[in-house]
Amino acid sequence: MVLDLGAEVVAEGVETAEDAEDLLSLGICLQQGYLHGRPTVPIDAGGDETTGATESGALVP
């Protein structure tokens, strides 16, 4: 129904290749989840770009 309305659909929580293939077969091409990349901390948030830790050791959300 959403695709028929012309809306762009973003599938979240895509964790396996099977999930991605099933979504593609439904016409949902925009996907995010662990299959495509793990969450990271933006560099400009003041944390280390690899671990997300600040100089004090606190993690940046």
Side-chain angles (χ1 to χ4, degrees):
M1 177 177 89
V2 175
L3 295 175
D4 290 339
L5 293 172
E8 289 191 78
V9 177
V10 179
E12 297 184 9
V14 180
E15 296 187 7
T16 67
E18 183 180 4
D19 291 341
E21 290 171 16
D22 289 343
L23 290 163
L24 286 172
S25 72
L26 294 171
I28 301 171
C29 300
L30 300 175
Q31 305 174 6
Q32 66 182 40
Y34 282 122
L35 175 67
H36 302 293
R38 299 185 71 80
T40 61
V41 174
I43 295 171
D44 64 351
D48 177 276
E49 65 184 89
T50 313
T51 64
T54 62
E55 288 183 23
S56 67
L59 293 179
V60 177

Discussion item. Quick check for you: to the nearest 0.5 Å, what is the distance between Glu18 atom CD and Leu23 atom CG?
Written reply: 10.5 Å

Practice prompt. Identify the heavy atoms of Ala11 and Ile28 that sit nearest to each other, and give their distance.
Written response: CB-CG2, 4.0 Å

Discussion item. Using the rule side-chain contact (heavy atoms from CB on, under 4.5 Å), only one of Val10, Leu24, Val9, Asp19 pairs with Gln31; which is it?
Written reply: Leu24

Item to complete: For residues Ala20 and Leu35, report the shortest heavy-atom separation together with the two atoms involved.
Response: CB-CD2, 3.6 Å

